Asks: 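First the structure, then my questions, so here it is.
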Amino acid sequence: MTDLSLSNKAIAGKTAPPAEARSLRLPTQWLGVTPFFVFAVMFLILPTLYLMLGAFQNEAGEFTFANIVALFSANIVAAYWISIKVSLASSLIGAFAGLAIAIAIVRGGLPNWIRSATLTFSGVASNFAGVPLAFAFIATLGRLGLVTVLLNTLVGLNLYAHGFNLLSFWGLTITYVYFQIPLMVVIIVPAIDGLKREWAEAAATLGATQAQYWRMVVIPVLWPSFLGTVILLFANAFGAIATAYALTGSSLNIVPILLYAQIRGDVLHNAHLGYAIAFGMIFITGLANIFYIWFRTRSERWLK
């Protein structure tokens with residue numbers, strides 16, 4: 001027994017590195033995530049703090065609430081309201097449409113290649129925005145767009161004669177829906193995958209119908225994930241500027257375009273008012289992200 005214990009100690013002494021060596025490995029472990037922290041500090045935290053500080057200063061660098069008070073002017077309030085409506089409409093449409101697609105490819109009994117193709121397309125389309133997306137919709141649903149001309153030629157339906165306008169509230173909402181639906185699919189599919197088959201079997205054993213199973217089990221479990229994703233889609237649309245500016249220019253008064261007009265140096269140039277507008281956007285998107293994290297935490301309790 002003594003020889004065996006001595007041999008075990010010898011082996012442990014050979015395999016276990018000394019305490020000094022273990023302490024020397026710590027900086028190398030943190031080295032891999034250093035670029036992330038540098039990037040976050042330089043391009044997220046410091047600019048945000050700079051905007052927040054500038055929102056409470058005047059041109060002379062003195063502390064003031066004038067910029068915050070100016071946010072309640074009629075023009076700026078209208079811009080915030082239009083942005084909120086566009087973001088809310090596009091997030092709700094995208095959420096329900098994306099949820100239907102996700103349920104179809106996960107629980108609908110479709111071939112596996114349809115799921116793979118849909119998720120691949122969704123991953124690409126959810127990041128397709130800006131000038132290319134605006135050009136695609138102008139070429140498709142503009143006054144001389146492909147779909148507009150085809151509908152007028154083949155069916156005799158003139159979209160613009162019936163009040164449709166791509167450079168309007170609903171035109172921008174439909175454009176945003178293009179990347180909102182794929183984003184919803186990408187986010188909600190893991191939540192649907194987390195539904196355990198044992199729950200359906202237990203419900204069937206207890207005599208529950210398919211409708212009762214969805215109403216009493218699936219919907220309550222998916223509800224926090226669904227609400228959290230709607231909030232995330234809202235924040236995603238609220239901060240978008242490239243697509244809106246390329247599509248509508250200054251014809252639609254939304255917050256990102258108004259902010260761009262304040263800081264780019266034209267006749268509306270007022271950098272500190274622009275900082276205040278950006279501070280308001282940060283507040284709204286930050287509040288939305290807090291609710292998203294809260295709903296996501298609640299949903300993970302069931303899906304673990």
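Small disclaimer: the values here were computed from a predicted structure and weren't measured.
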Asks: Just checking F96: does its CZ atom have more than 12 heavy atoms from other residues, nucleotides or ligands closer to it than 6.0 angstrom?
Replies: no
Asks: Please find the pair of heavy atoms, one from M281 and one from L259, that lie closest to each other, and give the distance.
Replies: SD-CD2, 4.0 Å
Asks: Starting at CZ of F169, measure out to OG1 of T173 and round the result to the nearest 0.5 Å.
Replies: 4.0 Å
Asks: Would you find more than 12 non-hydrogen atoms of other residues, nucleotides or ligands less than 6.0 Å from F63 atom CZ?
Replies: yes
Asks: When you look at CG of L144, are more than 12 heavy atoms from neighbouring residues, nucleotides or ligands closer to it than 6.0 Å?
Replies: no
Asks: Would you check if the side chain of S116 reaches a backbone N or O of N112 as a donor-acceptor pair within less than 3.5 Å?
Replies: yes
Asks: Atom CG in L167, atom OG1 in T248: separation rounded to 0.5 Å?
Replies: 7.0 Å
Asks: Given V177, which partner from the list S90, S91, P182 fulfils the side-chain contact (heavy atoms from CB on, under 4.5 Å) test?
Replies: S90
Asks: Using 0.5 Å steps for rounding, measure from the OG1 atom of T118 to the CD1 atom of I101.
Replies: 7.5 Å
Asks: So, taking the atom named CG in L157 and the one named CG in L151, what distance separates them when rounded to the nearest 0.5 Å?
Replies: 5.5 Å
Asks: State yes or no: are the ring centers of F56 and F279 separated by less than 6.0 Å?
Replies: yes
Asks: Exactly one of I192, D193, V186 should register a side-chain contact (heavy atoms from CB on, under 4.5 Å) with V189. Which one does?
Replies: D193
Asks: Do I293 and I45 belong together in a cluster built from hydrophobic side chains that touch within less than 4.5 Å?
Replies: no
Asks: Determine whether N127 and V124 satisfy the following criterion, side chain to side chain contact (heavy atoms under 4.5 Å, CB included), listing intermediate values before the conclusion.
Replies: CA-CA 6 Å; N127 294 288; V124 175; over 6 Å; no
Asks: Check the angle between the aromatic planes of F43 and F39 and answer parallel, tilted or perpendicular using the 30° and 60° thresholds.
Replies: tilted
Asks: Should we say atom CZ of F135 is surrounded by more than 12 heavy atoms from elsewhere, each under 6.0 Å from it?
Replies: no
Asks: Does atom OH (Y213) have a neighbourhood of more than 12 heavy atoms from anything else shown, all under 6.0 Å?
Replies: yes
Asks: Are V106 and L110 joined in one hydrophobic group, where the rule is that I, L, V, M, F, W and Y side chains link up if heavy atoms are under 4.5 Å apart?
Replies: yes
Asks: Taking it one step at a time, do N158 and F164 satisfy side chain to side chain contact (heavy atoms under 4.5 Å, CB included)?
Replies: CA-CA 9 Å; N158 190 335; F164 176 78; over 6 Å; no
Asks: Classify the ring geometry of Y176 against F179: parallel below 30°, tilted from 30° to 60°, perpendicular beyond 60°.
Replies: tilted
Asks: For the hydrophobic clusters of this structure (ILVMFWY residues joined by side-chain heavy atoms under 4.5 Å, transitively), does one cluster hold both I282 and V41?
Replies: no
Asks: I need the N165 CG to L141 CG distance, nearest 0.5 Å.
Replies: 11.0 Å
Asks: Okay, side chain of T243, backbone of G130: is any donor-acceptor separation there less than 3.5 Å?
Replies: yes
Asks: Take L119 and I105, measure what side chain to side chain contact (heavy atoms under 4.5 Å, CB included) needs, and give me the verdict at the end.
Replies: CA-CA 9 Å; L119 290 178; I105 64 176; 4.3 Å; yes
Asks: Roughly how far apart are Y80 OH and I277 CD1, rounded to 0.5 Å?
Replies: 6.0 Å
Asks: Please confirm whether the backbone N or O of Q57 pairs with a side-chain atom of H272, one donor and one acceptor, at under 3.5 Å?
Replies: yes
Asks: Verify the cluster assignment for I93 and L166: are they in a single hydrophobic cluster under the rule of side-chain heavy atoms below 4.5 Å apart?
Replies: yes
Asks: Using the side-chain contact (heavy atoms from CB on, under 4.5 Å) rule, pick out the option among V86, I284, T285, T229 that qualifies with F234.
Replies: I284
Asks: Could you see if I290 belongs to whatever hydrophobic cluster contains L88? Use Ile, Leu, Val, Met, Phe, Trp, Tyr and a side-chain cutoff under 4.5 Å.
Replies: no
